[in-house]
Amino acid sequence: MRTYIGLDLGTSGVKALLVNEEGTILKETNRSYPCLFPEDNYSEQEPKEWIEKSLLAIEDLLVDENKEDVKAISFGGQMHGLVLLDKKDEVIRPAILWNDGRSVDETNYLNKTIGQNKISEYTGNIAFAGFMAPKILWVYSNEKENFDRISKIMLPKDYLIYKLSGQFATDVSDASGMLLLDVKNRKYSPEMLELCHINEDMLPKLHESYEVCGNLVKEYADRLGLSTDVKIVAGAGDNAAAAIGTGTIGNGACNVSLGTSGTIFLSSDKFSVDEKNALHSFCDASGKYHLMGCILSAASCRKWWLEDILHTEDYLKDESELEDSPTIFLPYLMGERSPHNDVNARGAFINLCATTTKGQMSKAVLEGVAFALRDCLEIAKQNGVYPTYSTICGGGARSATWKQIMADVFNLPIRVLKTNQGPSYGAAILAMVGDGVYKSVEDATKAIVKVEETVQPRKDRVEYYQKKYELFKRLYPALKAIRD
């Protein structure tokens with residue numbers, strides 16, 4: 001029996017799956033690591049934590065398993081993070097993560113001084129503070145000594161590829177979020193490299209997500225008890241990997257991910273850019289393209305509300321107490337990316353009164369995340385993309401109530417899959433394709449990904465949420481006007 005390892009390098013930890021060639025999950029493990037917040041709006045991690053915790057997760061995974069069966073390893077990874085190595089391959093500084101907001105000035109320089117139209121022409125996207133290019137410019141302006149030491153620039157999961165295989169490699173889906181890639185043509189943009197004061201030798205070789213980068217190096221093969229014949233497959237950014245894990249392949253296919261951040265992923269056969277660049281136009285993991293809206297706080301909103309504010313981890317009890325109310329929650333706890341591109345956006349509860357209950361506020365949190373994702377869906381529709389259903393994944397997808405809210409707010413059937421592993425499962429599928437078990441990503445997902453149930457929108461709730469959403473849409477501009 002051939003087996004495959006999928007690693008999801010997330011923000012709070014790494015998740016590892018062992019999957020056979022039929023797509024059956026044999027075992028799963030995870031290891032956590034800390035996120036560092038040295039200043040307001042800063043978010044960093046130590047790359048050495050990623051490799052050590054990934055190795056420990058794989059070791060946990062392989063206990064009592066036949067290690068000779070393992071044929072390939074692939075990855076889904078948190079996107080946009082900036083990892084810098086010097087000529088000795090030493091990490092220069094902690095990685096600056098996707099949810100770091102320090103590069104506001106650099107983002108404004110790209111969007112306003114250079115111009116959004118130019119940046120979009122070069123890459124298919126505009127600058128967001130979370131993207132890699134503004135971070136590179138921040139290091140150039142604020143840590144010139146560190147900038148001058150740079151030999152290699154890579155994304156978080158690519159650090160794992162480099163350590164495990166010795167190959168300096170990335171994939172086009174993850175590289176799309178660098179703001180250094182000419183997405184339409186799947187190659188680096190010379191104009192963006194010049195703007196960022198770097199050259200292509202500093203950047204990893206580009207691969208499709210299902211391509212083999214190399215083989216497991218002897219040092220880690222010996223530690224893990226695996227063969228050096230084990231293939232290392234390029235993998236994908238977490239959302240593109242989740243799309244594979246949920247079978248979101250083909251024109252108009254849609255997936256919602258309720259993880260730390262929230263995303264709506266819309267597959268497309270052709271490259272396209274929405275008029276205001278409110279959505280990301282990225283390469284996908286199957287060789288084509290996708291539109292993606294990303295909100296920076298999704299399941300993390302619920303975690304903040306329950307654990308940090310209410311001091312409880314009893315999610316089921318909270319869910320049993322949910323109540324309707326006029327209360328509305330804006331989920332901008334870490335600023336916002338899609339569609340507002342506003343690092344200074346902040347969360348808010350609206351329509352509170354003396355009789356507002358905890359259950360009403362808890363439900364408003366779930367609804368607010370759904371409304372923020374609906375904002376992204378509406379822009380996709382304006383761009384001619386009209387999905388007829390959506391799949392769902394991520395930790396928030398374990399909530400039956402949240403899935404129903406998503407169906408009602410989107411007015412779309414929500415397909416729940418037999419596996420809810422998202423990026424790690426997609427990574428395992430990519431490992432299979434890289435090993436030749438399937439000829440294409442599409443063939444693999446058709447054979448492996450199965451729907452367990454479909455949550456249908458309810459007409460009366462669709463109407464209820466449409467009215468509430470209309471009010472939600474008015475709140476961000478109103479609060480921004482007060483703030484500014």
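On a predicted model such as this, the values are computed, not experimentally measured, just so you know. We number each residue from 1, following the sequence as shown. Computed from heavy atoms alone, side chains included, the values below leave out hydrogens, waters and symmetry copies.
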Heavy-atom neighbours of D148 CG exceed 12 at 6.0 Å
yes
Would you check if the side chain of H290 reaches a backbone N or O of C283 as a donor-acceptor pair within less than 3.5 Å?
yes
So do L181 and Y188 actually touch side chain to side chain, heavy atoms under 4.5 Å?
yes
Under 4.0 Å between a side-chain nitrogen and a carboxylate oxygen: does that hold for R186 and E208?
yes
Kindly state each residue pair satisfying ring-ring contact (aromatic ring centres under 6.0 Å, His included) with at least one member in residues 74-118, sequence neighbours excluded.
H80-F131
Report the distance from atom CG of N239 to atom OG of S176, rounding to the nearest 0.5 Å.
12.0 Å
Taking the side chain from N255 and the backbone from T248, do they hold a donor-acceptor pair closer than 3.5 Å?
no
Let me confirm one number: the SG-CD1 distance from C196 to I136, rounded to the nearest 0.5 Å.
5.0 Å
Within the side chain of S74, is there an N or O that forms a donor-acceptor pair under 3.5 Å with the backbone of G235?
yes
Main-chain N/O of L160 paired to W50 side chain as donor or acceptor, under 3.5 Å:
no
C393 to T246 - nearest heavy-atom pair and separation:
CB-CG2, 3.8 Å
Examine the side chains of Y162 and D89 and answer whether a donor and an acceptor come within less than 3.5 Å of each other.
yes
Around atom CD of E121, are there more than 12 heavy atoms from other residues, nucleotides or ligands closer than 6.0 Å?
yes
Under a 3.5 Å distance rule, please check whether N111 uses its side chain to pair with a backbone N or O of I114 as donor and acceptor.
no
Exceeds 12 heavy-atom contacts within 6.0 angstrom, atom CZ of R398
no
Backbone of L180 reached by a side-chain donor or acceptor of S189 within 3.5 Å
no
Measure the spacing between NZ of K152 and CG of L203 and express it to the nearest 0.5 Å.
11.5 Å
How about K53: does its NZ atom have over 12 heavy atoms from other parts shown lying under 6.0 Å from it?
yes
Lys/Arg N to Asp/Glu carboxylate O, E378 vs K381, below 4.0 Å:
yes
Output, in order, the C-alpha distance, side-chain angles, deciding distance and verdict of side-chain contact (heavy atoms from CB on, under 4.5 Å) for V217 and I232.
CA-CA 10 Å; V217 296; I232 302 298; over 6 Å; no
Should the pair D171-K157 be classified as a salt bridge under the 4.0 Å nitrogen-to-oxygen rule?
yes
Please find the pair of heavy atoms, one from A72 and one from A431, that lie closest to each other, and give the distance.
CB-O, 3.7 Å
D40 atom CG, over 12 foreign heavy atoms within 6.0 Å:
no
Would you say S267's side chain and G250's backbone share a donor-acceptor pair under 3.5 angstrom?
yes
Can R93 be said to sit on top of F147's aromatic six-ring, NZ or CZ under 6.0 Å from centre and within 45° of the ring axis?
no
Plane angle bin for H340 and Y476 - parallel if under 30°, tilted between 30 and 60°, otherwise perpendicular:
parallel
Has the side chain of N199 got a donor or acceptor atom that lies under 3.5 Å from a matching backbone atom of D201?
yes
Would a line drawn from the ring center of F349 to the ring center of F329 be shorter than 6.0 Å?
yes
Distance from I295 atom CD1 to I264 atom CD1, nearest 0.5 Å?
10.0 Å
Test item: S390 side-chain N/O and R415 main-chain N/O as donor-acceptor pair under 3.5 Å:
no
Not counting sequence neighbours, which residues clear side chain to side chain contact (heavy atoms under 4.5 Å, CB included) with S300? List them please.
T260, S297
Decide yes or no on side-chain contact (heavy atoms from CB on, under 4.5 Å) for V83 and D158, but give the supporting numbers first.
CA-CA 9 Å; V83 182; D158 302 333; over 6 Å; no
I need the single residue from V409, N351, I328 that forms a side-chain contact (heavy atoms from CB on, under 4.5 Å) with K468. Which is it?
I328
For E442 and S440, which I'm curious about, is there any donor-acceptor pair between the side chains at under 3.5 Å?
no
May I ask you to say whether E44 pairs ionically with R102, meaning some side-chain N is under 4.0 Å from a carboxylate O?
yes
Answer yes or no: is there a donor N or O on one side and an acceptor on the other, between the side chain of S141 and the main chain of L137, under 3.5 Å?
yes
Looking at C294, S338, C376, which one forms a side-chain contact (heavy atoms from CB on, under 4.5 Å) with T263?
C294
Correct closest heavy-atom pair for Y389 and C254 would be O-CB, 3.4 Å
Between D375 and K473, is there a side-chain N and carboxylate O pair less than 4.0 Å apart?
no
If you round to the nearest 0.5 Å, how far is CG of N99 from CE of M334?
4.0 Å
